[in-house]
Amino acid sequence: MTPQGRYNIKYVLLICAVSALGGLLFGYDTAVISGAIGPIKSYFGLDAAGVGWAVSNVAIGCIVGAFAAGTIAGRLGRKKALLLAALLFTVSAIGSALVETFSWFIVYRLIGGVAVGLASAVSPMYMSEVSPKDMRGRAIGMQNFAIVFGQVAIFTINYLIAKGASEAWLVDMGWRVMLGSEVIPCLLFCLVVMFIPESPRWNVMQGNDAAALATLRRIYNGPYPEKVLKEIKDSLKQRQLEQRQKRKLDYRNDKAFWFIAFVGCMIAILQQATGVNVMMYFAPVVLEQATGNNEAALFMTIWIGVVQLIGTSIGAFLMDRVGRVPLLRIGAIGSAAGLLMTSYFLYQAAGLAGSEAVRNGYFILSGMLLFMLFFAFSWAVGAWVVVSEIFPNRMRSEGMSLAIAAMWVSNFIIGLGFPLMNGNTFLLEHFHGAFPMWLFAGCCVLAYFFVTRFLPETKGVTLEQMEETMLSKTRLEAKEVPVEMARANG
């Protein structure tokens, strides 16, 4: 039987698509601020630090949500965790659109951040657990495609809301319409998530083999459901044995866990350190600063999202064919080239005005688009795939929570720090907005060398074999199977 004949591709993609709506809301929620930040700045009278806090505070909620994701997904299940994220997204969208004070704006955006952190960990976790190994990259790639689609959608909506509107209306009502528009996809997610099955791996962990097998039979054909169930049970036997003996897993002295966690956290951090979220959050600010035209800047930003959507589609197609490591290495170098091109034209923007400034703005946009194309087909997809698959079953919930939390810590630092760098008088006078792009280009080069040194190829590796694969670049060995377990297996 061919690999494709072993499983029901349409069913796997369907349930992964529903889970990926969490990614769509992730993209929608984080990118909506890009078009609204100017009016919000005027409405609340914010300085550069206030702007940074208005944008980056979401990441604080994301950190909380990511850290809590392992516990919530472990106790309630992946499906209920996704439903909780959908409800939090809805509360955040309604609340942030109706606030009258900056303090309450921060509170509701923090709630949205918790939802983003929860969804960003649980959605790829769910997809990795329901996807056969031969299509795991494609399935998890749907998560990133959904994130980018959400960003493109809100970039377009923001532009349409702002087009032809007066500055006074945007400051008074426009940003509220932008933020409140998220309610529609929130309600859709709440509805459809009810119809997906629970993760078979979580069901096995709860001792519900019958439910796990029922789901596996909808995913796999022939004798494979029973075979996969046995593999899952074997990989979890050690953990179940320790629980029966009333011992908790202790990761403090588990070198294998900390090495894999180090790799996962660094991949997550480096994804953010490329500067992608400057494109997502601050592209309209950077382009307006260079062109002096807000409407043109919002229109240009749409194309950043469109190119990212195209690149993400390419990445999802290539991830299971080319492999994770080659794409991440190519993407790191290409992203650095795009950032250097962007920085060059930002430097040339000093003193330009009118049509010349807008023309140079399109050259800046070209550099951003080059960056986004390379980033999208590599790190945008690859980082999520790697983080969701490198942790073995016994450490998946805890490891993914740690890695996703690290991603949001770096997101917060960059989101808070960029407005301060971009608004610094000394840096603007000497570098004209190019300095941050140089820093991000340097991080892309660092990402290339990190992947080369520490990340083994994980394409086609089953989750049950992942620990041994991840430790192949170290002198560590996978955790040995206890004697009792060996005897139980005969």
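More than 12 heavy-atom neighbours from other residues, nucleotides or ligands sit within 6.0 angstrom of CH2 on Trp53. For Ile184, the CD1 atom is loosely surrounded, since the number of other residues' heavy atoms within 6.0 Å does not exceed 12. Around CZ of Phe262, the count of heavy atoms belonging to other residues, nucleotides or ligands within 6.0 Å exceeds 12. Open room surrounds CZ on Phe317; 12 or fewer heavy atoms of other groups in view lie less than 6.0 Å from it.
A search for salt bridge (charged side-chain N to carboxylate O under 4.0 Å, His left out) contacts involving Arg217 returns Glu226, not counting sequence neighbours. Shown here are the side chain to side chain contact (heavy atoms under 4.5 Å, CB included) partners of Ala54, two or more places apart in sequence or in another chain: Ile37, Leu46, Phe102, Phe105.
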* Begin with the C-alpha distance, continue with both residues' side-chain angles, and end with the deciding distance and a verdict on side chain to side chain donor-acceptor pair (under 3.5 Å) for Arg329 and Thr452. => CA-CA 7 Å; Arg329 293 174 65 184; Thr452 301; 3.2 Å; yes
* What's the verdict on side chain to side chain contact (heavy atoms under 4.5 Å, CB included) for Ile304 and Val152, showing C-alpha distance, side-chain angles and the deciding distance? -> CA-CA 8 Å; Ile304 294 176; Val152 173; over 6 Å; no
* Asked: Please walk me through it: do Ile364 and Met368 pass side chain to side chain contact (heavy atoms under 4.5 Å, CB included)?
  -> CA-CA 6 Å; Ile364 295 171; Met368 290 180 167; 4.1 Å; yes
* Output, in order, the C-alpha distance, side-chain angles, deciding distance and verdict of side chain to side chain contact (heavy atoms under 4.5 Å, CB included) for Ser92 and Asp29. => CA-CA 9 Å; Ser92 173; Asp29 192 87; 4.1 Å; yes
* Intermediate values then yes/no, ring-ring contact (aromatic ring centres under 6.0 Å, His included), Phe377 and Phe374 -> CA-CA 6 Å; Phe377 76 69; Phe374 276 93; 5.6 Å; yes
* **Criterion side chain to side chain contact (heavy atoms under 4.5 Å, CB included) on Cys444 and Ile333, from CA distance to verdict** => CA-CA 7 Å; Cys444 289; Ile333 297 303; over 6 Å; no
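The backbone N or O of Met319 lies less than 3.5 Å from a partner atom in the side chain of Arg324, making a donor-acceptor pair. A donor-acceptor pair is defined here as one N or O able to donate and one able to accept, closer than 3.5 Å; no such pair exists between the side chain of Ser123 and the backbone of Ser120. Distance alone, capped at 3.5 Å, is enough to place a donor-acceptor pair between the Arg201 side chain and the Glu129 backbone. The main-chain N or O of Cys16 is never found under 3.5 Å from a side-chain atom of Ser19 such that the two would form a donor-acceptor pair. For the pair Ser313 (side chain) and Leu309 (backbone), a donor-acceptor distance under 3.5 Å is present. Within the 3.5 Å criterion, the main-chain N or O of Lys459 finds a donor-acceptor partner in the side chain of Glu457. Judged purely by atom type and a 3.5 angstrom limit, Lys233 has no side-chain atom pairing as donor or acceptor with the backbone of Val204. Looking only at distances, no side-chain donor or acceptor of Ser131 sits under 3.5 Å from a matching main-chain atom of Ser128.
Going from atom OG1 of Thr274 over to atom CG of Leu439 covers 12.5 Å, rounded to the nearest 0.5 Å. Taking CD1 of Ile15 as the start and CG of Asn8 as the end, the distance is 9.0 Å to the nearest 0.5 Å. Distance check: Asn411 CG to Met407 CE gives 9.0 Å after rounding to the nearest 0.5 Å. Distance check, rounded to the nearest 0.5 Å: CD of Glu231 to NZ of Lys227 gives 6.0 Å. Residue Ser378 holds its OG atom at 6.5 Å from CG of Leu328, rounded to the nearest 0.5 Å. Separating the CD1 atom in Ile106 from the CD1 atom in Ile111 is a distance of 12.0 Å, to the nearest 0.5 Å.
Of all the heavy atoms in Pro197 and Thr215, the pair that sits closest is CB-OG1, 3.8 Å. When all heavy atoms of Trp379 and Gln271 are compared, the pair lying nearest together is O-NE2, 3.2 Å. Taking every heavy atom of both residues into account, Ala69 and Leu118 meet most closely at CA-CD1, 3.7 Å. Of all the heavy atoms in Gly264 and Val387, the pair that sits closest is O-CG2, 3.7 Å. In plain terms, the two heavy atoms of Leu339 and Met279 that are nearest each other are CD2-CE, 3.9 Å. The two residues Lys80 and Glu198 come nearest to each other via the heavy atoms N-OE1, 4.5 Å.
The side-chain heavy atoms of Val263 and Met470, taken from C-beta on, include a pair separated by under 4.5 Å. Using a 4.5 Å heavy-atom threshold, the side chains of Leu191 and Leu187 count as separate. Residues Met125 and Ser388 are not in side-chain contact: their nearest non-hydrogen atoms beyond the backbone lie 4.5 Å or more apart. Counting only heavy atoms from C-beta outward, the side chains of Val130 and Tyr11 never approach each other to under 4.5 Å. Side-chain contact between Leu21 and Val192 is present, with at least one heavy-atom pair separated by less than 4.5 Å. Using a 4.5 Å cut-off on side-chain heavy atoms (C-beta onward), Phe259 and Phe454 make contact. Cys62 is not listed as a side-chain neighbour of Phe412, based on a closest heavy-atom distance of 4.5 Å or more. Side-chain atoms of Ile196 and Leu82, non-hydrogen and from C-beta on, do get closer than 4.5 Å to each other.
There is a side-chain donor-acceptor pair under 3.5 Å between Glu389 and Thr458. No side-chain N or O of Gln272 forms a donor-acceptor pair with one of Ser410 less than 3.5 Å apart.
Applying the ring-ring contact (aromatic ring centres under 6.0 Å, His included) test between Phe26 and each of Trp408, Phe89, Phe149 identifies Trp408 as the sole match.
A cation-pi arrangement, defined by a distance under 6.0 Å to the six-membered ring centre and an angle within 45 degrees of its axis, is absent between Arg453 and Phe450.
Legend: ring-ring contact (aromatic ring centres under 6.0 Å, His included) pairs involving residues 189-208, not counting sequence neighbours: none detected.
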